[in-house]
S.K.: 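Would you mind keeping the following structure in view while I ask a few things?
Computed from heavy atoms alone, side chains included, the values below leave out hydrogens, waters and symmetry copies. Sequence lines set the chain letters: A, B, ... in the order given, protein chains first and strands last, and positions in each chain run from 1.
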Number of protein chains: 2
Amino acid sequence: MAPVGRPRSDASHAAILKATYELLREEGLARLTLDKVASRAGASRSTLYRWWPSRGAIAMEATLDMLNQELSLEPKGDNALAEFRRLLKSVARAMRGSTGPIMAGILAECQRDPETLRLFKENLVAPRRAEVVPLLERGIQDGSIRPSVAPHTILDLTFGAIYHQLLLHVPTDDAWMDGVIDILVNGIAAKPTA
Amino acid sequence: MAPVGRPRSDASHAAILKATYELLREEGLARLTLDKVASRAGASRSTLYRWWPSRGAIAMEATLDMLNQELSLEPKGDNALAEFRRLLKSVARAMRGSTGPIMAGILAECQRDPETLRLFKENLVAPRRAEVVPLLERGIQDGSIRPSVAPHTILDLTFGAIYHQLLLHVPTDDAWMDGVIDILVNGIAAKPTA
DNA sequence: ACGAAACGATCCAACTTGTATCGAAACTTG
DNA sequence: CAAGTTTCGATACAAGTTGGATCGTTTCGT
């Protein structure tokens, strides 16, 4: 059964997302208003309100595609720990570009709008974790990662470190990421204390 | 040289900070308006604008005292690593209470107002690090922490993990913090990989 | 007494949000 | 082709927030 009535304009939909994406890069989510998005997209604000419940929701949808293109997990047959290293570096690299400030803005928006936080966790955090946790579990099985650690806690630490630099606007480089990975892999204790 | 004119009212100053602090607890920084602060403090908005450049600055000043009271680094003569463990747990415990959401709100505000970020780093991050980095360096000297790690990177990781849970509104408990510390201290590698 | 600075009260323009209304356009069904 | 349905862009509106300004009053030092 085809829906009755005028169909949703794909052109408007695409134009709105494109305008949002551009404005996010230029001014950040903090200064993003639905008015500017509508103007640039050649749409009207009522169209935006019809399809998205909040500013955060628009920004989220506009950002997701970009992120999903930028971050890709390609297994290469190394041991799991080596693969995890590569993943972390690629994430840190992505955050170093214009994507970083956008992510920081979204995290900020999540603090003022619970719905945006929900979208963020559902559409970004959860899917990513669903990919990476099995990788870490494989590392525990192939012997490259010791068994007593919880994969989710590993992710809390690593993404936490990256978010930390992001939110405090501390630029990162490969040397920093190597330092983080070194600590994560080897720990800070002079001798194993377990 | 005593300043000429009517001196700044300590009563107003204190009342404004108190009102800010209360409103932060009740509604969070996202919903904090200078109007509400002024009303509750029995002051006028012009007084607020006279002394503080932004909403973030007021929230920062109101939060700093509270945080500085809540978090105290008391050396107890253990080895440095043990002392660091205690510090982390006390921070995590503080973030578990009503201070946590306030901190998350401030981090969010930092993303939209560079001046607030500057205040945050100058008055909170930097002083804390100035306390803890020597502790970690002592750990390297007393042999409880291996020499090749950078103290600052350790802090990026640990505070990153705590911020991560804070921003994603994931409640933490002692078991989680123990898991983080375990990974941090011992690493995730099954065998030391140098 | 006088000037200087801070105070509370009030007003104002500009901007953003959320909602609503309107006629025109696009598409399905009969 | 005609009627019904839904979206579209344009516009208007109330409510809330921001940042700044003015005004008369209050509290100091000189």
S.K.: Please state whether the phosphate of D:dG19, meaning OP1 or OP2, lies under 4.0 angstrom from any side-chain nitrogen or oxygen of B:Y49.
M.R.: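 So the side chain of B:Y49 is within the cut-off, an N or O lying under 4.0 Å from OP1 or OP2 of D:dG19.
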S.K.: Could you tell me the separation between the CH2 atom of B:W52 and the C1' atom of C:dC7, rounded to a whole number of Å?
M.R.: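 So the two atoms are 13 Å apart, to the nearest Å.
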S.K.: A:W51 side chain N/O closer than 4.0 Å to the phosphate oxygens (OP1, OP2) of D:dC8?
M.R.: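 For D:dC8, OP1/OP2 do have a side-chain N/O of A:W51 under 4.0 Å.
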S.K.: Mind calculating the distance between CZ (A:R8) and P (D:dT7) to the nearest angstrom?
M.R.: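 Checked: the CZ to P distance equals 9 Å.
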S.K.: Distance check needed: C:dC7 C1' versus B:H13 NE2, whole Å only.
M.R.: 15 Å
S.K.: When the nearest nucleotide of DNA chain C is assigned to B:T47 and to A:G5 on a heavy-atom basis, which residue is associated with the more 5' position?
M.R.: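 On the 5' side of the pair lies B:T47.
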S.K.: With DNA chain D as reference, determine whether B:V4 or A:S9 sits nearer its 5' end, using the nearest nucleotide of each.
M.R.: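 The residue whose closest nucleotide sits nearer the 5' end is A:S9.
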S.K.: Rounded to whole angstrom units, what separation is found between the CZ atom of A:R40 and the P atom of D:dG9?
M.R.: 17 Å
S.K.: One pair to check against side chain to side chain contact (heavy atoms under 4.5 Å, CB included): B:Y21 and B:T63. What are the steps and the verdict?
M.R.: CA-CA 7 Å; B:Y21 169 77; B:T63 307; over 6 Å; no
S.K.: I'd like to know if A:R96 and A:D174 make a salt bridge, using a cut-off of under 4.0 Å between side-chain N and carboxylate O.
M.R.: yes
S.K.: Using atom CG of B:D113 as one end and atom C1' of D:dT17 as the other, report the distance to the nearest whole Å.
M.R.: 16 Å
S.K.: Among residues two or more places apart or on two chains, list those pairs meeting side-chain hydrogen bond (donor to acceptor under 3.5 Å, both in side chains) that have a residue in residues 151-160 of chain B.
M.R.: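 Those involving residues 151-160 of chain B are A:W176-B:D156, B:R129-B:H152, B:R129-B:D156.
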S.K.: Does B:R93 have any side chain to side chain donor-acceptor pair (under 3.5 Å) partners at least two apart in sequence or in another chain, and if so, which?
M.R.: none
S.K.: Side chain to side chain contact (heavy atoms under 4.5 Å, CB included) for A:L119 and A:E61? Distances and angles first, verdict last.
M.R.: CA-CA 9 Å; A:L119 289 173; A:E61 186 169 338; over 6 Å; no
S.K.: Only counting residues at least two apart or in another chain, list the ones meeting side chain to side chain donor-acceptor pair (under 3.5 Å) with B:D35.
M.R.: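 B:D35 satisfies side chain to side chain donor-acceptor pair (under 3.5 Å) with no other residue.
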S.K.: How close or far is atom P of D:dT7 from atom CD1 of A:I16, stated in whole angstroms?
M.R.: 13 Å
S.K.: Ignoring backbone atoms, establish whether B:S12 has a side-chain N or O less than 4.0 Å from OP1 or OP2 of C:dC7.
M.R.: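 No, no such contact exists.
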S.K.: Please report, rounded to the nearest Å, how far the P atom of D:dT27 is from the CG atom of B:D10.
M.R.: 15 Å
S.K.: Go along nucleotides 10-16 of chain C 5' to 3' and tag each nucleotide: B for a protein heavy atom under 4.0 Å from its base, S when only backbone or sugar atoms are that close, - otherwise.
M.R.: -B----S
S.K.: Does A:R50 have any side chain to side chain donor-acceptor pair (under 3.5 Å) partners at least two apart in sequence or in another chain, and if so, which?
M.R.: none
S.K.: Identify each atom pair where a protein N or O and an N or O of nucleotides 23-26 of chain D are less than 3.5 Å apart, giving names and distance.
M.R.:
{"residue": "D:dT26", "atom": "O2", "partner": "B:R6", "partner atom": "NH1", "Å": "2.9"}

S.K.: Can you confirm whether more than 12 heavy atoms, excluding those of A:R31, are under 6.0 Å from its CZ atom?
M.R.: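 No - once you tally the heavy atoms of other residues, nucleotides and ligands closer than 6.0 Å, there are 12 at most.
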S.K.: For B:H13 and B:W52, take the angle between the two ring planes, folded into 0 to 90°, and tell me which bin it lands in: parallel under 30, tilted 30 to 60, perpendicular over 60.
M.R.: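 Ring orientation of B:H13 relative to B:W52: parallel.
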S.K.: Answer with base, sugar-phosphate or nothing: what part of the nucleic acid does B:A43 contact at a heavy-atom distance below 4.0 Å?
M.R.: sugar-phosphate
